[in-house]
Number of protein chains: 2
Amino acid sequence: MTTRVITLKELAASLDLSITTVSRALAGHEQIALKTRERVAQAARQAGYVPNTAARTLVSGRSGFVGLVLPIRGPNLVDSFLGEFVTGLGEGLVSHGADLILATAALGHSELSVLRHVVESGRADGVVVTRIAETDERLAYLRERGFPFVAHGRLLDSDFGYNWLDTDGAHAFGEAFDMLYDLGHRHFGLVTISEAMTFRHLRQDGLAAAIARRGDPSVRLDVVTAPRFDQEARIEAVNRMLRGPDRPTAIVALFDELALTVMEEAARAGLGVPRDLSVIGFDNIAASAYAPPGLTTFDASIRHCAREIADMLLTVIAEKPGKPLTRLIRPTLVARASHGPAPRTRS
Amino acid sequence: MTTRVITLKELAASLDLSITTVSRALAGHEQIALKTRERVAQAARQAGYVPNTAARTLVSGRSGFVGLVLPIRGPNLVDSFLGEFVTGLGEGLVSHGADLILATAALGHSELSVLRHVVESGRADGVVVTRIAETDERLAYLRERGFPFVAHGRLLDSDFGYNWLDTDGAHAFGEAFDMLYDLGHRHFGLVTISEAMTFRHLRQDGLAAAIARRGDPSVRLDVVTAPRFDQEARIEAVNRMLRGPDRPTAIVALFDELALTVMEEAARAGLGVPRDLSVIGFDNIAASAYAPPGLTTFDASIRHCAREIADMLLTVIAEKPGKPLTRLIRPTLVARASHGPAPRTRS
DNA sequence: ATTGAAATTTAAAACGTTTGCATTTTTGCA
DNA sequence: TGCAAAAATGCAAACGTTTTAAATTTCAAT
């Protein structure tokens with residue numbers, strides 16, 4: 001039991017070569033005779049030699065790891081985001097021989113403190129930052145530190161450049177508006193959240209911009225806001241919009257969970273979707289395909305974005321490019337059955 | 001920019017103490033004068049000292065990491081399992097100061113080879129293994145190596161002990177049968193998969209055992225099998241059961257995705273759920289709450305299990321217990337609207 | 001003041017690699 | 001055969017910790 005792991009020293013001894021030569025041979029240095037390189041490679045393979053990560057990291061200053069601080073999550077939060085995201089990151093990293101470190105913030109510790117620890121303990125060569133808040137101390141810290149990172153999402157405005165990849169929510173919400181407008185809708189509702197995340201502004205602004213672009217003064221937009229994680233308040237907010245004397249004919253929700261609530265509450269209020277009300281969401285979570293009549297939404301392909309982020313980060317680590325890398329991914333419309341022509345008569 | 005990280009040497013110099021003393025002071029050794037310990041702690045905090053992981057790992061032989069090899073996933077697989085699992089692991093690990101390493105298998109590399117690399121490179125002090133297959137080379141490898149691990153799931157039979165935590169699918173499927181039997185059902189269907197995973201046997205055996213326990217010869221069980229990831233074959237298999245001349249009145253699916261397919265195909269065949277057909281799933285995925293009429297299923301609380309697994313693994317690493325640690329978690333029934341009394345007349 | 005024990009601190013080795021520089025071996029050519 | 005240049009290999013330091021064993025300081029009791 002408890003098989004020992006072979007070290008470079010032992011491997012070198014068994015080949016009657018110096019540690020140096022074996023190390024260089026395995027690294028494929030040209031200066032080592034080809035014949036030797038092959039001999040070493042063969043022996044290493046046969047002995048099952050795997051270099052010790054800690055030793056290598058210590059001397060080279062590169063850990064081969066990329067860090068991700070797990071967002072703190074409520075106890076009952078269930079979604080596929082994290083799974084898809086780490087899967088995508090893993091796929092992007094593995095082709096370059098890198099791996100992922102997931103650090104969790106303990107109760108009472110901020111996400112920032114965990115990030116600092118990851119950075120300053122030398123565990124990772126770079127980090128990925130998600131869920132960008134309106135004023136995000138993590139970006140400021142990483143920037144000041146000069147530590148390689150890529151953000152998934154953007155700040156609204158910043159006085160410094162940084163690497164980011166974002167889903168073009170603004171474009172999607174504009175596209176949603178245009179589609180609904182062409183279906184005859186003129187009275188719109190937006191269900192959004194109060195959490196101080198930047199994506200809510202980007203999406204709302206995209207919707208507003210599309211409305212302005214159209215230049216039709218008869219277009220009207222109502223907005224209701226709910227706390228992100230309070231299901232009851234969410235339902236109440238939705239009903240404020242649905243049960244009012246003059247409700248919109250089309251509701252765009254900031255993301256699918258909200259859209260599903262809208263559909264449920266619409267059903268409860270006796271409204272047919274899409275006959276009386278069109279609903280459009282964002283994210284294309286699995287449930288949106290099952291919730292009747294099938295939610296029309298946008299797919300942001302998290303997994304693909306994450307893979308891209310991994311590529312970007314590895315580039316940043318390896319090449320330290322002078323200009324920030326940025327990438328805006330356009331989500332694709334998933335047209336299901338929750339949108340349709342505006343009802344003829346206004347209630 | 002690019003702030004340097006302070007080392008123990010520098011910290012020691014600034015305190016006019018030796019590296020040894022500072023190291024011990026930070027570790028809280030009693031042998032260092034309390035006054036000194038406090039002085040050091042204060043200086044370390046103020047200087048933002050964080051020990052270098054690689055150096056510490058190299059000398060101590062402990063990395064403070066736990067490894068998880070990401071299951072290889074099809075391109076369109078979307079579920080919440082992975083996200084919940086790593087969240088739970090993270091929660092369990094962080095209280096002991098450990099973190100998680102996620103290693104991905106590159107295309108063409110087996111999960112086993114990645115596991116070997118994680119183990120033999122000294123990146124992790126222990127690993128978690130999920131999705132146990134009928135004959136699982138990973139367990140054999142870890143066992144032979146004497147490397148600490150905890151399996152999420154079990155082998156059907158093994159000639160050696162190992163640490164595992166499993167969801168008691170057998171019990172759940174028995175419970176499902178009993179409930180349906182009491183509702184008058186006598187003709188049952190089981191929709192399962194052909195993949196060589198142990199959980200399918202455990203659940204099916206649990207169902208069979210419950211039937212045997214009841215001892216009613218009029219009970220009948222039909223079984224159909226589909227490949228796990230082939231949606232078309234899955235639909236075909238389900239229809240084989242639904243459209244036959246003599247269909248079951250209650251169908252138990254190995255997991256929710258299959259149950260949702262059953263409900264969709266039932267609707268397409270003009271069958272009412274639960275009027276004509278009762279359906280029960282397993283896993284309680286998010287979509288099961290939205291798919292009409294609401295799927296009755298079992299919740300395995302992945303996140304909680306994962307936290308428990310993390311605890312177990314840390315115990316194994318720290319204490320090397322003589323007897324294997326094992327834990328069977330009973331899933332809870334989530335009664336929604338997809339089950340009901342058996343229809344009066346048999347078709 | 002002296003002494004021995006207890007309390008506190010330190011020097012130095014070790015962990016397993018990479019790498020700058022030095023050394024040895026081989027090769028081509030006279 | 002001898003010699004310089006090129007090719008191949010090796011020595012030793014370094015990375016930042018922890019830890020063993022030893023050294024120093026402090027202190028109470030004489």
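Order of the sequence lines sets the chain letters (A, B, ...), proteins ahead of strands, with each chain counted from 1. From a predicted model like this one, the values you see are computed outputs, not experimental measurements.
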Inset, instruction - Using whole Å, report how far CG of A/L15 lies from P of D/dA8. - result: 17 Å
Inset, instruction - Give me the residues of residues 33-41 of chain A where at least one heavy atom lies under 4.0 Å from an atom of DNA chain D, by number, or none. - result: A/A33, A/T36
Inset, instruction - Grab the NZ-P distance between A/K9 and D/dA12 for me, whole Å please. - result: 14 Å
Inset, instruction - Can you see which heavy atom on A/H109 is nearest to which on A/I72, and at what distance? - result: O-CD1, 4.1 Å
Legend entry - Exam field: side chain A/T315 to backbone A/D311, donor-acceptor pair closer than 3.5 Å: yes
Inset, instruction - Please evaluate the base of D/dT19 for a donor-acceptor partner in the side chain of B/T20 within a cut-off of under 3.5 Å? - result: yes
Inset, instruction - Give a yes or no on whether the backbone of B/I32 and the side-chain of B/T36 come within a donor-acceptor separation of less than 3.5 Å. - result: no
Inset, instruction - Compare all side-chain heavy atoms of A/V66 with those of A/D99 and state whether any distance is below 4.5 angstrom. - result: no
Can you give the donor-acceptor pairs under 3.5 Å from side chains of residues 42-50 of chain A to other protein atoms, not counting sequence neighbours?
none

Inset, instruction - Taking atom CD of A/E30 as the centre, report whether more than 12 heavy atoms of other residues, nucleotides or ligands fall under 6.0 Å from it. - result: no
Inset, instruction - Name the nucleic acid region contacted by B/I19, choosing base, sugar-phosphate or nothing; use a 4.0 angstrom heavy-atom cut-off, strictly under. - result: base
Inset, instruction - Without swapping roles, check the side chain of B/R143 against the backbone of B/F160 for a donor-acceptor pair under 3.5 Å. - result: no
Inset, instruction - Output yes when a side-chain donor or acceptor of A/Y141 lies under 3.5 Å from a complementary backbone atom of A/D136, and no otherwise. - result: no
Inset, instruction - Taking heavy atoms of chain A and a 4.0 Å limit, find me the 5'-most and 3'-most nucleotide of DNA chain C within that range. - result: C/dG16 to C/dC21
Inset, instruction - Find the distance A/R24:CZ to D/dA7:P and express it as a whole number of Å. - result: 16 Å
Legend entry - Side chain proximity check, B/R138 to B/I132, heavy atoms < 4.5 angstrom: yes
Inset, instruction - Please round to 10 degrees the angle between the axis of the first five pairs and the axis of the last five pairs in the helix from C/dA1-D/dT30 to C/dA30-D/dT1. - result: 50°
Inset, instruction - Look at all strands and tell whether B/T21 reaches a base, only sugar-phosphate, or nothing, counting heavy atoms closer than 4.0 Å. - result: base
Legend entry - All pairs passing side-chain hydrogen bond (donor to acceptor under 3.5 Å, both in side chains) where residues 59-74 of chain A contributes a residue, at least two apart: A/S63-A/D125, A/R73-A/D79
Inset, instruction - Let me know, please, whether A/D16 or B/I6 comes out on the 5' side of the other along DNA chain D by nearest nucleotide. - result: A/D16
Legend entry - Residue-level proximity of residues 42-66 of chain A to DNA chain D when a heavy atom falls under 4.0 Å: A/L58, A/V59
Legend entry - Backbone of A/N52 reached by a side-chain donor or acceptor of B/S121 within 3.5 Å: no
Inset, instruction - Could you check B/T167, B/L89, B/L68, B/V129 and say which one makes a side-chain contact (heavy atoms from CB on, under 4.5 Å) with B/H152? - result: B/T167
Inset, instruction - For A/S110 and A/S113, indicate whether the former's side chain and the latter's backbone hold a donor-acceptor pair under 3.5 Å. - result: yes
